[in-house]
There are 2 protein chains.
Amino acid sequence: MRSPAELSSAFRESGLKVTPQRQLLFRLLHDNATHPTADALFAAASEQMPGISLRTVYQTLTDLTSMGELQSFDFGNGPARFDPNVGSHHHVVCRSCNDVADVYVAGASDLDVAGLEGFTIDRSDIVFHGLCARCSTTQDVTGSHPNSNIPSPTTGAMS
Amino acid sequence: MRSPAELSSAFRESGLKVTPQRQLLFRLLHDNATHPTADALFAAASEQMPGISLRTVYQTLTDLTSMGELQSFDFGNGPARFDPNVGSHHHVVCRSCNDVADVYVAGASDLDVAGLEGFTIDRSDIVFHGLCARCSTTQDVTGSHPNSNIPSPTTGAMS
DNA sequence: ACCCTATCTGCATCTCATGCGAACACGCAA
DNA sequence: TTGCGTGTTCGCATGAGATGCAGATAGGGT
Ligand SMILES: [Mn+2]
Ligand SMILES: [Mn+2]
Ligand SMILES: [Zn+2]
Ligand SMILES: [Zn+2]
């Protein structure tokens with residue numbers, strides 16, 4: 001998403017108001033690569049603005065998302081994750097700590113896809129699920145691979 | 001997942017009991033390519049077995065999933081979808097009617113992925129979001145493409 | 001400074017899913 | 001076939017995450 005200053009202008013130009021709550025969220029989201037949840041943002045916002053409502057956080061996130069400034073992902077593990085990085089990229093999620101990291105996939109457009117006949121596609125997401133480095137070494141019960149960077153385990157890269 | 005008969009044997013061999021409720025769900029799920037929700041299965045089951053509990057449906061689905069006979073997907077639009085097809089395949093979801101269809105992706109293992117350093121991957125999902133054929137023609141407001149089978153619209157295939 | 005209207009906030013409501021315990025019944029054993 | 005022990009079923013309570021709603025509040029143009 002754009003910078004807090006640019007967003008403020010954009011909001012005003014759209015007839016939307018630039019409130020302190022919104023400005024705070026602009027700042028908290030800008031360059032935020034943690035893929036925060038609404039609750040996490042609420043917690044962070046509450047530190048700087050005690051009394052801010054969780055409802056307002058949700059509202060603002062929804063607004064930014066429908067404006068295309070923010071992306072929302074549901075990885076099926078818990079609450080939705082928000083991402084100010086609206087560029088083309090994908091994700092990897094740790095099944096243990098639920099951390100999310102960006103993944104860049106090259107050659108995705110060369111895929112040979114069967115089954116999309118009749119569909120008009122507007123979004124394609126690739127999500128890798130696994131264990132992050134920290135969680136791998138910690139709960140390493142079976143003496144599995146501490147550091148393997150390429151897919152493989154059981155399933156190949158993909159398939 | 002395996003056939004109702006095979007599942008019955010597998011259950012008994014594991015010390016699990018083969019109840020009429022479970023057998024019914026085995027049948028309802030076998031070769032079911034609709035990616036049903038727990039509620040849909042509950043409705044279907046209720047026709048043949050009035051009084052069956054939604055709780056039992058959830059319980060059985062969870063059991064089958066942890067046994068690897070069933071897969072569970074959360075596409076972020078509503079309730080979880082269950083899939084007896086545990087083979088390697090991916091999905092396309094209609095953002096309007098929420099229908100889910102199977103998609104087979106070739107060459108997925110040739111992808112050049114950056115960002116998985118340190119992760120141990122055990123599952124990779126590709127999900128396409130868009131409009132199915134029926135929904136495309138219906139709410140075709142802007143005169144968009146009635147039938148385009150390859151990604152493209154706005155965003156490239158993937159990226 | 002004033003007013004109109006968008007926003008904020010607190011609470012109710014909703015959906016989906018899981019925890020829990022008493023009643024029930026599968027399946028083995030006698 | 002009958003009886004028993006343990007796994008299941010079922011109904012209800014509870015929980016998480018998110019949205020609906022309306023009165024109080026405050027942008028921001030005039
Ligand atoms: Mn991201
Ligand atoms: Mn499928
Ligand atoms: Zn982790
Ligand atoms: Zn559709």
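Naming: A, B, ... by sequence-line order, numbering from 1 per chain.
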For a quick test of reading the model: is some side-chain N or O of [X] closer than 4.0 Å to OP1 or OP2 of [N]?
X       : N      : result
A:Tyr58 : D:dT19 : no
A:Thr19 : D:dA26 : no
B:Gln21 : C:dA25 : no
A:Arg55 : D:dT19 : no

How close or far is atom [atom2] of [N] from atom [atom1] of [X], stated in whole angstroms?
X       : N      : atom1 : atom2 : answer
A:Phe42 : D:dA18 : CZ    : P     : 14 Å
A:Leu41 : D:dG17 : CG    : C1'   : 15 Å
B:Leu54 : C:dC16 : CG    : P     : 11 Å
B:Lys17 : C:dC24 : NZ    : C1'   : 10 Å
A:Gln59 : D:dA22 : CD    : C1'   : 14 Å
B:Arg81 : C:dA17 : CZ    : P     : 11 Å
A:Leu25 : C:dT7  : CG    : P     : 14 Å
B:Phe11 : C:dG27 : CZ    : C1'   : 16 Å

Which label fits B:Phe73 and B:Phe75: parallel for a plane angle under 30°, tilted from 30 to 60°, or perpendicular past 60°?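 Answer is parallel, since the angle falls under 30°.
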Which of parallel (below 30°), tilted (30 to 60°) and perpendicular (above 60°) describes B:His91 and B:His35?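 Ring orientation, 0 to 90° scale: perpendicular.
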Among C:dT5, D:dC10, C:dC8, the one nearest B:Ser53 by side-chain distance: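 The answer is D:dC10.
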Can A:Leu54 be reached from A:Leu41 by stepping across I, L, V, M, F, W or Y side chains whose heavy atoms are under 4.5 Å apart?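 Both belong to a single hydrophobic cluster.
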Before giving the answer on side chain to side chain contact (heavy atoms under 4.5 Å, CB included), spell out for B:Leu16 and B:Met67 the whole-Å C-alpha distance, their side-chain angles and the decisive distance to 0.1 Å. CA-CA 12 Å; B:Leu16 300 175; B:Met67 289 173 70; 4.3 Å; yes
Considering every strand and a 4.0 Å limit on heavy-atom distances, what is the contact class for B:Ala80: base, sugar-phosphate, or nothing?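 Sugar-phosphate contact only.
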Residue whose closest nucleotide on DNA chain D lies nearer the 5' end, B:Gly15 versus B:Thr56: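 Residue closer to the 5' terminus by nearest nucleotide: B:Gly15.
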Between A:Phe42 and A:Tyr58, is the gap from one ring center to the other below 6.0 Å?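 A:Phe42 vs A:Tyr58: aromatic centres not under 6.0 Å.
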Which is more 5' along DNA chain C, the nucleotide nearest B:Leu16 or the one nearest B:Thr62? Just name the residue.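 Residue closer to the 5' terminus by nearest nucleotide: B:Thr62.
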